[in-house]
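Below is one structure, written out as structure tokens; the observations come after it.
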Amino acid sequence: MRMMNAGGTRLHYCVDGPDGGLPVVFANSLGTDLRVWDAMLPLLPKGLRIVRYDKRGHGLSESFPAPYAMDDHVADLAALLDTLGISGAVVVGLSIGGLIAQGLAASRPDLVRALVLMDTAHRIGTAESWNARIEAIRSGGLESIGDAVMERWFSAAFRETRADDVLGWRNMMVRTPVEGYIGSCTAIRDTDYGVEAAALSVPTLALCGSNDLATPPDLVRATAALIPGARFELIDGPGHLPPVEAPERTAELVAGFVAGLLQ
Ligand SMILES: O=C(O)CC1=CCC(=O)O1
């Protein structure tokens with residue numbers, strides 16, 4: 001287990017692969033920790049320098065009282081990469097992780113060589129929907145929204161056939177520090193990267209599960225259309241977490257994109 005004081009935020013992180021490999025950095029979604037990538041990482045080509053971390057208020061990383069701004073998450077990731085001596089990374093962001101990735105590419109282009117935006121958008125949800133979620137958690141705790149979140153995270157087929165796994169993911173979500181979860185809700189609520197997305201100039205692959213109810217395919221496609229030169233790929237089957245539900249196809253698409261960068 002490795003912890004780092006990244007610009008004043010103590011973050012849990014993992015680095016795998018050779019020091020000289022192309023850095024590929026993974027940013028997790030709301031209510032998940034770095035285990036969300038476990039199933040797909042062994043399917044990626046060897047030789048990459050894989051960096052994962054738990055964003056503030058999640059996993060083993062330090063939590064702070066809400067609210068958070070997206071700039072807080074972006075600054076944490078920038079400090080993590082600066083401390084590791086990493087620049088020019090492929091940044092793979094899932095949902096809020098994709099917002100963090102867009103914010104990093106906009107504010108610290110030296111750190112980002114390319115983006116994989118997975119089940120994410122330039123803007124996710126509405127202020128009303130995030131305020132309603134925060135209110136529900138303040139009154140009933142994370143447990144009270146657990147079932148509804150699982151319906152957005154996973155397809156009906158996965159929930160039926162992989163009920164034991166879904167319980168584990170649900171436990172991960174409801175055991176997230178409440179302030180960390182709500183802080184990240186406020187960060188998402190207050191973020192619209194429409195202008196930043198249109199100004200991006202790095203190779204970008206946008207992916208989305210065909211059964212994603214949180215960031216539906218049309219929303220992800222619309223964000224990809226804002227980003228000059230971005231490619232959109234639909235992954236048939238999964239909900240909001242393709243690395244969990246469709247690790248083979250997700251890894252194949254990420255590996256193909258990375259291979260194209262190295263040609
Ligand atoms: O929890 C959800 O509804 C899905 C989600 C939205 C933003 C994020 O990171 O996950």
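Side chains included, hydrogens not; waters and symmetry mates left out as well; all remaining heavy atoms used. For ligands, and for the atoms within them, numbers begin at 1 and follow the listed sequence.
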Exercise for review: Would you tell me which option among Met150, Glu151, Arg133, His240 has the nearest heavy-atom contact to atom 5 (C) of ligand 1?
Suggested key: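 Considering heavy atoms of Met150, Glu151, Arg133, His240, the nearest to atom 5 (C) of ligand 1 sits in His240.
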Polar contact flag for [X] and ligand 1 (N/O pairs, less than 3.5 Å):
X      : value
Trp130 : no
Ile96  : yes
Ile124 : no

Counting each atom of ligand 1 from 1 as listed, which ones have a heavy atom of [X] under 4.0 Å away?
X      : answer
Arg152 : 2 (C), 3 (O)
Leu30  : 8 (C), 9 (O), 10 (O)
Ala214 : 4 (C)
Ser29  : 9 (O)

Check your understanding: Closest approach of His73 and Ala187, non-hydrogen atoms and distance?
Key ->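 Minimum heavy-atom separation between His73 and Ala187: CD2-CB, 4.1 Å.
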**Study point:** Least distance between heavy atoms, Ile235 atom then Pro238 atom
**Key:**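 Residues Ile235 and Pro238, closest heavy atoms: O-CD, 3.3 Å.
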Can you find a pair of side-chain heavy atoms, one from [X] and one from [Y], that are under 4.5 Å apart?
X      : Y      : value
Val166 : Trp153 : no
Leu226 : His122 : yes
Leu111 : Asp82  : yes
Val25  : Leu77  : yes

Review point. Considering only protein heavy atoms, which is closest to atom 8 (C) of ligand 1, and at what distance to one decimal place?
Key: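 Protein heavy atom with the smallest distance to atom 8 (C) of ligand 1: Ser95 OG, 2.6 Å.
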Check your understanding: Where's the contact between Ile188 and ligand 1, heavy-atom distance under 4.0 Å: side chain, backbone, both or neither?
Key ->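 For Ile188, the contact with ligand 1 is made by the side chain alone.
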Exercise for review: Salt-bridge test for Arg52 and Asp33: reply yes if a basic N is under 4.0 Å from a carboxylate O, no otherwise.
Suggested key: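 Salt bridge flag = no for Asp33 with Arg52.
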